[in-house]
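Just below is one structure, and these are the notes that go with it.
Just so we're clear, the structure is a prediction, and the values are computed from it rather than from any experiment.
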Amino acid sequence: MSLEGLEARWDAAWTEQRTYAFDRTRTRDEVYSIDTPPPTVSGSLHVGHVFSYTHTDVVARYQRMRGREVFYPMGWDDNGLPTERRVQNYYGVRCDPSLPYDPDFTPPHEGGEGKSIKSADQVPISRRNFVELCERLTVEDERQFEALWRRLGLSVDWSHHYQTIDARSRAVAQKAFLRNLARGEAYQAEAPGLWDVTFQTAVAQAELEARDYPGHFHRVAFGGADGPVHIETTRPELIPAVVALVAHPDDERYQHLFGTTVTSPLFGVEVPVLAHPAAEPDKGAGIAMCCTFGDLTDVQWWRELQLPTRSVVQRDGRLSRETPEWITTEAGRALFGELAGKTTFSARTAVVDALRASGDLDGEPVPTQRKANFFEKGDKPLEIVTSRQWYIRNGGREWEQRDLRAELLGRGEELAFHPDFMRVRYENWVGGLNGDWLISRQRFFGVAIPLWYPVTADGEVDHDHPIAPDEATLPIDPSSDVPPGYTADQRGVPGGFVGDADIMDTWATSSLTPQIAGGWEWDDDLFARVFPMDLRPQGQDIIRTWLFSTVVRSHLEHGSLPWRHAAISGWILDPDRKKMSKSKGNVVTPMGLLEEHGSDAVRYWAASARLGTDAAFEVGQMKIGRRLAIKVLNASKFALSFGGDGGPTAQALDAAAVTEVLDRAMLAGLADVVERATEALEAYDHTRALELTETFFWTFCDDYLELVKDRAYGAAAEGLTVSPEATASARAALALALDTLLRLLAPVLPFATEEVWSWWREGSVHRAPWPDAAPLRAAAGDADPAALDAAGRALAALRKVKSEAKVSMRTPILRAELVVPSVHLALVEPVADDVRAAGRAQGLTLVGDDVEAALVRSHELGEA
RNA sequence: GGGCGAUUGGCUCAGUGGUAGAGCGCCUCGUUCACACCGAGGAGGUCACUGGUUCGAACCCAGUAUCGCCCA
């Protein structure tokens, strides 16, 4: 028996037989729907995908066998920066939206990888050409993902797959946005926001990553009435943007300064000294310069202390080319003239030199590690610039109409997290939000913000009166489509219109996967059968993004949770207990892994890890899974081999034929396993269910199969007799047990169990009902499951004698006194003949005594 | 600095109040009669540490240490 080739064979069979096809005639209460996070196809496949998606598939298969019609679609997340960057490198191009479309464009490269093509060498192409290349590349990526998922055995209905960039997704995302806008949940604002200089785009709070960033503390003197006031700053180039000095209200050192003003060095701008609790007394000098804007604390001070706006850093990361009007001294204006247009980095050097020359720098700069905000995909610290962007309310800012934060916290309580402690990550995130959700992105490959703006007669864009399309026309592209009531030639001219040039944040689409997959507003019949969904599986890292944003959209649009359960998978750790990642070079190709060990084996490893718990990448665990899968094949072949004539069929499942005590005891134990495994799976604890089943299965193979072997053959050992009824009992019990065990193992080992099922049963095990303990209990009668265990221990004692005598297990025991704990005697006596047969121990005397475990007191061995 | 989780035999992990468990690895044997991608037997742990609660603690409580993740 071999596992080779099972994956390809059964994947083809399941596709052909539509085993996992969703039956959309079923009603919501009969359906179990899963909102699988669509993987980012341009990202690389890694072991973590295999791990967490296996967890989901185990749930899907279990629920399907429980009789629920499982809605389990798969989507691909294509849009956004990862794809754009990959396209730039792969084809050697970059997007320039000002260029016209070239229908005959051929990319200069094909298959470039990494950072091999410098941006200077990238060919500028139109937005439409660029998007076409994005689409071309993602098709290839999707093929690889689907092949992997099929190989892994995910029971997905592939006819329901979607892409977060396809027309339907764009329509859903735009419609949901327009609904948000109409209800006042979406708004535009001119506000300070985080800006990535490299990617030239705004960045949302959820995309932030705080990283250590080397810098220097510069001790700088401001001019005060009673002498210099020293502050320490890592960003002296922002001194021209200073609007106040801020210290903690309780800080003794600065009490006398509150309410006074000081003068900035070099630029001579007079600013107030103010008190605010966000100032940290033990950090630097304890008094900070507030600029517009150096960091997020500056934004808070600016807002709460009503400070003026004096920005000097532009979107390109350079200081403004014009000298600001608030700098009035001649020396100050002259110095700024030298800084104008410089990057923040070279401006910093120039300012430090000037401070040194003027004597306002106290000592030399001291190296420090500070935390700076980065875009999670960027490598330069973010700047804070003021710009006009679109936001969706998420409870992060006060809203006079509703207490959205409280409502969303309530949704968090309503949602069943598995494991439950993951809920606090949601609560911490929602509780700590300090702004609404910025959704505008200045990128190209994504869903366009579906709005135009009028251009006034004097050529100004009127952002306050956006023009929305009719819902029936969605999806639209405002850069090529024309708003109602206008003609194409009015684009960009006075009295005409302009389209919003931005796209939406990736999450603004991805947060709608239940709606996209479920057919919201284009297949309401389907939507009513699957929404709200039952399960959202995902990683703990995206609770604050994917999970939260999806809850926001569903709450706003439908007034409900998007799903009832959230199953959170842990990380994969390498042998050094570090998170596996590409940069560490310790990732393994998932397809190679599946080919090497077999899909059932890899699934076993994944299913052995509980939800929420990090798991070691352990090849050893996969080998155990492989051994288990092979054992399923071999033990099944053996159990089905009795009785000749090609083995038993479903007719062998005759509970009434089970009359022997040992057989009944085994079924009683199996009934317990069914009950407890079912309970565990209902509680989203697939690991416990697997452990229970697996433990029983090994006992079944090692002890029960050995104990009933002879009886099932119908061949009695010497000195014993076997009745036809006793043989029939063994065969029926084997068939019943195998039937049950295959179903219990099917969610974890879909290939091996399906293979065995096909030998003797009709249809697919994956559409067979989940086992029920009741019929097993009926067949077991009043048998005590401990009888199998006691018999197994008795057999082990006989084996030990042979093992210690270093003889074959086939060696007959001519005479032996087997001592069992007195409390076990009544259990072993009725099954003593099975023990005698399995131990080749014709002359076995059984006694009870006060012993810890069964042992052989005296014996005489024969010849093998 | 705050939050969450973890710490059990060489390794990976179960075990949530009543005499320490599994698999792998290791040691000793056996075997091709379902399974060598095999079988049997065996050795191996003061359950991170310190206090406390309890008749009794790996488990409950308090604190400490180390590791991981998330947020400042």
Side-chain angles (χ1 to χ4, degrees), chain A residues 1-4 205-206 208-210 278 280 282-283 295-297 371 373 417 419-434 539-545 568 570-579 596-598 600-601 604-605 608-610 612-642 647 680 685 687-688 690-692 694-695 698-699 701-703 705-706 709-710 712-713 715 734 738 756 795-811 838-839 852 864:
Chain A
M1 289 294 108
S2 159
L3 299 171
E4 305 310 320
Q205 190 181 352
L208 288 188
E209 203 170 276
E280 296 177 63
D282 52 356
K283 208 167 184 180
D295 60 26
L296 291 172
T297 314
K371 286 286 184 190
N373 284 317
F417 281 87
D420 188 65
F421 66 76
M422 287 293 178
R423 183 191 318 280
V424 298
R425 293 185 187 243
Y426 175 93
E427 287 168 350
N428 290 347
W429 175 250
V430 179
L433 282 171
N434 54 32
Q540 64 201 41
D541 54 328
I542 49 177
I543 288 175
R544 64 175 177 154
T545 49
I568 312 294
W571 299 118
I572 304 303
L573 307 177
D574 69 11
D576 299 329
R577 302 214 61 79
K578 298 281 179 238
K579 194 170 141 187
E596 185 181 349
H597 301 283
D600 279 346
Y604 172 88
W605 159 72
S608 302
R610 288 176 301 164
T613 306
D614 294 345
F617 177 74
E618 258 236 297
V619 170
Q621 197 66 11
M622 296 173 202
K623 289 185 171 160
I624 296 165
R626 185 173 177 83
R627 201 166 72 106
L628 177 64
I630 292 170
K631 196 78 173 180
V632 166
L633 295 181
N634 284 309
S636 300
K637 185 179 79 176
F638 185 52
L640 294 171
S641 68
F642 306 112
D685 187 356
T687 308
R688 181 92 188 119
L690 172 59
E691 190 192 338
L692 287 163
E694 189 192 1
T695 302
W698 283 111
T699 306
C701 292
D702 293 343
D703 293 344
L705 272 178
E706 293 298 328
K709 207 184 244 186
D710 284 4
Y713 271 125
L734 283 168
L738 185 62
V756 172
L795 178 58
L798 299 180
R799 284 168 174 161
K800 184 171 179 176
V801 165
K802 297 181 191 178
S803 189
E804 285 174 349
K806 301 186 177 179
V807 298
S808 159
M809 288 297 141
R810 291 168 63 203
T811 306
E852 289 279 308

Without decimals, in angstroms, what is the distance between [X] [atom1] and [N] [atom2]?
X	N	atom1	atom2	answer
A:L738	B:A34	CG	C1'	12 Å
A:I543	B:C70	CD1	P	11 Å
A:L690	B:C13	CG	P	15 Å
A:N373	B:A72	CG	C1'	10 Å

Let me know, please, whether A:I630 or A:K800 comes out on the 5' side of the other along RNA chain B by nearest nucleotide.
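By nearest-heavy-atom nucleotide position, the 5'-most residue is A:I630.
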Comparing A:K802 and A:A797 on RNA chain B - which has the more 5′ nearest nucleotide
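Closest to the 5' end, via its nearest nucleotide, is A:K802.
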Which whole number of Å gives the distance between the [atom1] atom of [N] and that of [M]?
N	M	atom1	value
B:C38	B:G21	C1'	25 Å
B:C47	B:A6	C1'	14 Å
B:C49	B:U8	P	10 Å
B:C4	B:G23	P	36 Å
B:C55	B:C29	C1'	46 Å
B:U19	B:U66	P	34 Å
B:G5	B:A62	P	12 Å
B:A58	B:U7	P	15 Å

Answer with base, sugar-phosphate or nothing: what part of the nucleic acid does [X] contact at a heavy-atom distance below 4.0 Å?
X	result
A:A796	sugar-phosphate
A:I624	sugar-phosphate
A:Q621	nothing
A:Y604	nothing
A:E706	base

Check: [X] side chain, [Y] main-chain N or O, donor-acceptor pair, under 3.5 Å:
X	Y	result
A:W605	A:I624	no
A:S608	A:Y604	yes
A:K637	A:V756	no
A:D614	A:W571	yes
A:K802	A:M809	yes

Bracket string, RNA chain B, 5' to 3' - pairs by Watson-Crick or G-U geometry under 3.5 Å, | interstrand:
((((((((.[[[[.)..(..]]]].((((((....).))))).....[[[[[..)....]]]]]))))))).
Tell me whether A:R799 is salt-bridged to A:D703, with the criterion being a basic N under 4.0 Å from an acidic carboxylate O.
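A salt bridge links A:R799 with A:D703.
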With the threshold set at 4.0 Å, does a side-chain nitrogen-carboxylate oxygen contact exist between A:R544 and A:E209?
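No salt bridge links A:R544 with A:E209.
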Taking the side chain of [X] as heavy atoms from C-beta outward, which of [options] is closest to it?
X	options	value
A:K637	B:A14, B:A34, B:G42	B:A34
A:D702	B:A34, B:G42, B:G39	B:G39
A:D614	B:G68, B:C33, B:C13	B:G68
A:Q540	B:C24, B:A14, B:C69	B:C69
A:R626	B:C70, B:C11, B:C37	B:C37
A:K371	B:C37, B:A72, B:A40	B:A72

Would one find a side-chain N or O of [X] under 4.0 angstrom from OP1 or OP2 of [N]?
X	N	result
A:R688	B:G15	no
A:R544	B:C71	yes
A:K631	B:G39	yes

What's the shortest heavy-atom distance between [X] and [Y], and which atoms?
X	Y	result
A:A629	A:D600	CB-CB, 4.1 Å
A:G539	A:I568	C-CG2, 3.9 Å
A:P419	A:G612	CD-CA, 3.7 Å

If we only count heavy atoms from C-beta on, is the A:I543 to A:M422 side-chain gap below 4.5 Å?
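Sidechains of A:M422 and A:I543: in contact.
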Would you check if A:N434 and A:L296 make a side-chain contact, meaning some heavy-atom pair closer than 4.5 Å?
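Of all side-chain heavy-atom pairs linking A:L296 with A:N434, none is under 4.5 Å.
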Pull out every residue in residues 423-431 of chain A that has a heavy atom closer than 4.0 Å to any atom of RNA chain B, ordered by number, or say none.
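A:V424, A:R425, A:N428, in order of number.
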No-H, no-angle donor-acceptor pair, A:R627 side chain to B:C37 base, under 3.5 Å:
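In this structure, the two groups form no donor-acceptor pair.
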